[in-house]
Amino acid sequence: MAQFHPLRVTDIKRDTRDSVVVTLAPPADAQDDFKFVQGQYLTFRRVFEGEELRRSYSICAGVNDGILRVGVKRVDGGWFSTFANEELQIGDTLEAMRPMGNFHVPLKPAEARAYLGFAGGSGITPMISLIRTILEAEPKSTFTLVYGNRSTTAIMFREELEDLKNIYMGRLNVVHVLESEATEIDLFSGRLDRAKCDQLFARWIDVNSADLAFICGPEPMMLAVSEALKVQGMREDAIKFELFASAQPGKAMKRKVSAGAAAGGARCSATVILDGAVRAFEMDKEAQSVLEAAIEQNIDAPFACKAGVCSTCRAKLIEGEVEMEANYALEDYEVERGYILTCQSYPRTDKIVVDYDQ
Amino acid sequence: MNEESDILEYLAQGGKLSAPDNAPPRYRAELLRIMASFVDSELAGAAGFADLINAGPGIKEKIASSRIVMEKIDHAERVLNIMGEFGANIARYMNVHPWRARVGRGEDLGAERRDGDMRLNVFHYPLDGWTDAVVMNLLMGQAGVIQLAELSHCSYQPLGETFNGILPRERRHWELAAEGVRKINESDPEARTAIMASADYWSPRVAESFGGARSARFELLCSFGLRHRGNEELRNEWQAGVDAFLAEI
């Protein structure tokens with residue numbers, strides 16, 4: 001279950017004009033919850049103007065660095081990223097879920113693997129975690145990073161990458177590709193697109209000797225890089241993708257209230273039967289689904305997709321009426337018999353009785 | 001940046017996702033449906049086959065069937081864990097549905113989903129003794145391998161990798177079933193009739209599990225990069241394999 005923990009902001013470092021690196025300390029009782037795997041991210045929540053917003057940011061630290069930090073690049077119109085860049089102070093608290101994400105492969109300390117990393121803009125953040133962790137844990141492995149940015153001043157972690165190159169002499173190679181700056185070599189200016197990848201692979205990077213590739217950036221860049229890698233013969237399962245963790249579709253956390261949809265008052269007295277236990281509570285007809293209301297009452301109701309597609313949250317409506325927003329799971333005969341998907345059901349009557357046991 | 005339409009376009013062009021938060025709502029829903037269908041099928045299949053362990057004629061058969069039951073439950077757990085990353089209540093999941101429940105042997109469910117869980121309908125039909133169970137495992141085992149291979153390319157990379165990890169073991173279950181059918185066939189000159197009768201019973205039901213030849217959902221899943229090869233193509237591959245095997249014995 002999604003549980004948020006308060007993390008204290010212990011440091012904020014400006015990295016570029018529009019990005020900050022925020023260091024966080026988990027509470028004493030949740031230290032273990034915040035151990036992470038390289039390439040994972042944290043999901044934060046914060047209320048802006050009465051609306052809860054959730055945003056994920058990649059952890060940009062190695063697993064043994066003993067530090068938890070995220071890089072936040074300001075996005076135009078992005079509430080959370082603007083807040084983090086302009087208002088957040090040392091000593092503030094941010095609420096975050098424990099680290100999640102699958103942008104990694106198991107470490108193999110005995111092996112000498114050649115990794116390729118492709119980052120666009122703030123797509124560098126999980127790469128920092130991968131590079132720091134891999135180069136420390138696999139002493140024989142190498143990492144070649146191709147890093148695309150608009151200009152030199154926009155390069156996040158620029159100094160840190162230089163430091164890492166010095167620490168891991170000869171094992172970390174960084175190729176900067178800059179869009180709006182002419183560099184000495186044409187190869188390194190322009191966009192990180194398919195043509196640029198083809199040039200790099202023809203003249204600079206040997207894809208055939210690489211074992212794995214990680215790509216993180218905007219969608220077109222990720223498609224271009226993966227296509228170019230596959231043309232060079234890299235297997236699909238050797239390419240790991242991560243869209244910008246912060247690239248989430250805008251989530252409407254609250255359901256839009258349709259005027260006059262429900263009969264009677266705004267509240268409904270709901271009775272839920274689960275595992276033979278009967279629980280009664282009041283709920284708002286519009287604000288929450290029957291499932292959400294039950295969960296809020298600490299009723300251990302079953303659910304999975306919360307999108308009306310699977311049928312895990314199915315229950316029988318014994319009394320009252322509900323409006324089902326979406327139903328991709330129940331067959332007509334089930335609906336006729338009174339079954340509902342509780343994740344999609346909003347009460348229409350002042351009283352409903354829902355039985356999960358039937 | 002990164003509007004939902006951009007992500008859908010990215011998926012349509014072969015892009016992959018690796019984090020639940022990037023999944024647009026309908027994509028997330030269809031992905032969870034695929035996962036729920038797999039988990040429920042494994043749990044229901046294991047529950048049905050568990051009853052047949054005692055019917056295994058020798059110690060090798062009992063070991064093989066126990067192993068199949070155990071590994072199918074393990075596979076369910078692996079995918080259930082991914083569902084958990086999407087917020088599913090996985091602690092609760094295992095006991096929501098009566099996995100052992102079966103309809104009558106003669107009933108015909110067609111393609112309509114039976115009430116309750118999301119298992120493939122083939123797992124709603126009861127096994128009828130050892131030979132029948134082994135034949136069912138042979139036919140559905142082969143179908144499962146073809147279906148898993150297809151889904152191992154799906155655009156949700158953590159699920160694709162999990163299916164890739166499951167695939168060799170599911171392939172082994174199928175091979176064990178094939179060995180079992182051969183052994184039954186060689187043990188008794190009369191056995192072939194029973195094998196063919198079971199194959200006749202299970203074939204249409206397994207064929208159904210590939211889905212309709214033309215399906216709006218399939219088109220949607222293709223645009224999400226969750227599916228690639230058509231239902232009919234997969235079904236034909238399976239049919240050819242089954243025909244070849246049955247002709248051989």
Side-chain angles (χ1 to χ4, degrees), chain A residues 1-2 39-41 43 54-56 75-78 100-103 215-216 218-220 222-223 226-227 230 236-237 239-251 275 295 300-314 326 328-334 337 339 356, chain B residues 1-11 13-33 35-37 39-40 80 82-93 95-97 112-118 152-153 155-158 160-161 164 217:
Chain A
M1 291 292 293
Q40 286 192 313
Y41 58 85
T43 302
R54 295 186 183 192
R55 283 290 177 267
S56 302
V75 177
D76 282 341
M100 287 188 291
N102 307 285
F103 192 49
I215 316 175
C216 184
E219 295 95 336
M222 296 188 38
L223 289 169
S226 69
E227 281 301 312
K230 281 188 245 172
E236 193 179 19
D237 59 7
I239 306 171
K240 301 281 290 179
F241 295 78
E242 176 97 321
L243 262 187
F244 283 141
S246 55
Q248 293 144 19
K251 255 186 224 161
D275 295 336
I295 290 170
D300 191 19
F303 66 89
C305 82
K306 279 187 159 180
V309 172
C310 78
S311 68
T312 312
C313 69
R314 190 185 83 140
Y328 304 109
L330 298 179
E331 303 281 359
D332 291 345
Y333 73 88
E334 294 178 281
R337 281 193 223 154
Y339 285 103
Y356 280 97
Chain B
M1 60 173 265
N2 298 111
E3 292 300 318
E4 189 180 321
S5 58
D6 292 342
I7 295 182
L8 292 175
E9 178 61 26
Y10 166 74
L11 289 167
Q13 289 187 40
K16 301 209 170 185
L17 299 181
S18 55
D21 288 345
N22 289 132
R26 189 67 204 274
Y27 176 88
R28 176 183 182 281
E30 292 299 337
L31 181 66
L32 273 150
R33 186 189 173 91
M35 291 196 275
S37 176
V39 170
D40 294 2
L80 199 50
I82 300 178
M83 291 174 73
E85 292 179 5
F86 280 83
N89 185 350
I90 59 174
R92 183 75 202 162
Y93 201 91
N95 298 316
V96 178
H97 301 298
E112 194 174 68
R113 193 185 63 82
R114 177 89 180 161
D115 57 0
D117 54 68
M118 301 291 290
S152 68
H153 300 290
S155 57
Y156 191 66
Q157 207 163 23
E161 286 169 4
N164 234 337
R217 169 166 274 130

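Just so it is clear, the values below take in all heavy atoms, side chains as well, and ignore hydrogens, waters and symmetry mates. Naming convention: chains lettered A, B, ... in sequence-line order (proteins, then strands); numbering from 1 in each chain.
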For [X], is it the side chain, the backbone, both or neither that has a heavy atom under 4.5 Å from a heavy atom of chain A?
X: B:Gln157; result: side chain
X: B:Ala36; result: side chain
X: B:Arg33; result: both
X: B:Tyr27; result: neither

Notebook entry, point to check: With only heavy atoms counted, which part of A:Ile215 is less than 4.5 Å from chain B, the side chain, the backbone, both or neither?
Noted result: neither
Item checked: Between CZ on residue A:Phe241 and CG on residue B:Asn22, distance to nearest 0.5 Å -> 13.0 Å
Checklist line | Spacing of CG belonging to B:Asn89 relative to SG belonging to A:Cys313, to within rounding of 0.5 Å | finding: 11.0 Å
Using a 3.5 Å distance criterion without hydrogens, assess whether the side chain of [X] forms a donor-acceptor pair with backbone atoms of [Y].
X: B:Glu9; Y: A:Pro220; answer: no
X: B:Asp21; Y: A:Arg55; answer: no
X: B:Ser18; Y: A:Asn102; answer: no

Next item on the list: State which residues pass side chain to side chain contact (heavy atoms under 4.5 Å, CB included) with A:Ala326; sequence neighbours excluded, sorted by chain then number.
Entry: A:Tyr328, A:Gln344
Item checked: Passing option when B:Lys16 is tested against A:Met222, A:Glu236, A:Glu242 for side chain to side chain contact (heavy atoms under 4.5 Å, CB included) -> A:Glu236
Item checked: Heavy-atom closest contact (B:Ile7 atom, A:Glu219 atom, distance) -> CG1-OE2, 3.4 Å
Item checked: Among the listed options B:Ala91, B:Ser152, B:Ala19, the residue most often paired with chain A at heavy-atom distances under 4.5 Å -> B:Ala19
Notebook entry, point to check: When heavy-atom pairs shorter than 4.5 Å are enumerated against chain B, which of A:Leu223, A:Asp76, A:Ile239 gives the highest number?
Noted result: A:Leu223
Checklist line | Partner set under salt bridge (Lys or Arg N to Asp or Glu O under 4.0 Å) for A:Asp237, not counting sequence neighbours | finding: A:Arg235
Check: Are side-chain heavy atoms of A:Lys240 and B:Glu161 found at a separation under 4.5 Å?
Finding: yes
